[in-house]
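Reviewing the structure listed below.
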Amino acid sequence: MPERLDLEIQLPPMLSLRLLKPPATLHADMASVIVGKPGPPGGMTYTHTQAIAAAVWTVAHNLGRRPSVAVTDHLGNQIWPDVRWVDDNLVQVTHGTPLTGFAYCN
């Protein structure tokens with residue numbers, strides 16, 4: 001008979017799964033799948049245009065999630081500023097110097 005596996009599951013706001021007593025070895029046929037809440041419909045993106053040079057850009061993308069963010073300067077060169085997700089609809093992009101350019105939220 002397989003070894004007993006004790007689990008603790010905590011529900012929203014954050015779904016977590018913890019093994020209370022991990023088995024000595026996990027068998028190859030053991031698998032677990034954790035499904036979170038569905039996200040918004042796919043394919044939604046947002047492009048932010050920063051026309052006035054600023055060291056901090058506030059990007060209100062309104063995608064309802066925390067998207068990946070790629071940033072380019074006004075010439076199209078990719079740059080790597082600090083990106084902070086304020087919430088599921090707002091991102092803050094911080095540069096060392098004031099810049100113009102684009103933030104692509106995917």
Side-chain angles (χ1 to χ4, degrees):
M1 175 172 255
E3 185 175 350
R4 181 179 163 181
L5 191 62
D6 292 318
L7 299 174
E8 176 183 294
I9 299 175
Q10 297 177 354
L11 296 177
M14 178 82 62
L15 178 64
S16 66
L17 176 66
R18 180 171 63 123
L19 292 174
L20 297 176
K21 180 182 174 246
T25 59
L26 290 176
H27 301 284
D29 61 348
M30 294 178 83
S32 64
V33 176
I34 300 173
V35 178
K37 67 178 183 173
M44 294 176 21
T45 64
Y46 175 77
T47 299
H48 172 80
T49 301
Q50 186 69 37
I52 299 171
V56 178
W57 302 354
T58 300
V59 180
H61 56 75
N62 296 317
L63 294 173
R65 58 184 166 83
R66 295 179 182 222
S68 62
V69 179
V71 181
T72 64
D73 63 15
H74 68 286
L75 298 173
N77 300 308
Q78 187 170 6
I79 54 179
W80 290 270
D82 291 328
V83 175
R84 184 174 73 89
W85 290 264
V86 177
D87 59 29
D88 286 352
N89 293 302
L90 191 65
V91 171
Q92 190 175 57
V93 178
T94 304
H95 310 279
T97 59
L99 296 172
T100 60
F102 305 93
Y104 303 95
C105 301
N106 298 298

Say you draw a straight line from [atom1] of [X] to [atom2] of [Y]; how long is it, rounded to the nearest 0.5 Å?
X	Y	atom1	atom2	value
Gln92	Thr58	CD	OG1	5.5 Å
Asn89	Leu63	CG	CG	7.5 Å
Ile52	Thr100	CD1	OG1	10.5 Å
Arg66	Cys105	CZ	SG	13.0 Å

Exercise. Find out whether Asn106 and Pro67 are in side-chain contact, i.e. whether some heavy atom of one side chain is under 4.5 Å from a heavy atom of the other.
Key: no
Quiz item: Between Arg65 and Met44, what is the shortest heavy-atom contact and its length?
Solution: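 Looks like NH2-O, 2.6 Å.
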Self-check item: Nearest atoms (heavy-atom pairs only) where Pro81 meets His95
Solution: CB-ND1, 3.4 Å
Quiz item: Who passes salt bridge (charged side-chain N to carboxylate O under 4.0 Å, His left out) against Arg84, sequence neighbours left out?
Solution: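 Residues passing salt bridge (charged side-chain N to carboxylate O under 4.0 Å, His left out) with Arg84: none at all.
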Self-check item: Contact list for residues 60-92, test ring-ring contact (aromatic ring centres under 6.0 Å, His included), sequence neighbours left out
Solution: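 The answer is none; no pair qualifies.
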Exercise. Kindly state each residue pair satisfying side chain to side chain donor-acceptor pair (under 3.5 Å) with at least one member in residues 46-55, sequence neighbours excluded.
Key: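 Counting only pairs at least two positions apart or across chains, the side chain to side chain donor-acceptor pair (under 3.5 Å) contacts touching residues 46-55 are His48-Gln50.
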Quiz prompt | Partners meeting side-chain hydrogen bond (donor to acceptor under 3.5 Å, both in side chains) with Asn62 (sequence neighbours left out) | solution =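 Partners of Asn62 by the side-chain hydrogen bond (donor to acceptor under 3.5 Å, both in side chains) criterion come out as none, since no residue qualifies.
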Exercise. Could you list the residues that satisfy side-chain hydrogen bond (donor to acceptor under 3.5 Å, both in side chains) with Asp82, not counting sequence neighbours?
Key: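 Scan of Asp82 (side-chain hydrogen bond (donor to acceptor under 3.5 Å, both in side chains), adjacent residues dropped) gives none.
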Quiz item: Just by modelled atom types, is the Gly101 backbone N or O under 3.5 Å from a matching donor or acceptor in the Asp73 side chain?
Solution: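 Not confirmed, Asp73 side chain does not pair with Gly101 backbone.
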Practice problem: Examine Leu99 and Val56 and state if one hydrophobic cluster contains both, with Ile, Leu, Val, Met, Phe, Trp and Tyr joined whenever side-chain heavy atoms are less than 4.5 Å apart. | Solution: no
Exercise. Hydrophobic side-chain clustering at under 4.5 Å (ILVMFWY, transitive links): who's grouped with Tyr104? Put none if nobody.
Key: Phe102
Quiz item: Given the rule in the side-chain contact (heavy atoms from CB on, under 4.5 Å) test, do Val91 and Val86 qualify, once you have shown the distances and angles that lead to the verdict?
Solution: CA-CA 5 Å; Val91 171; Val86 177; over 6 Å; no
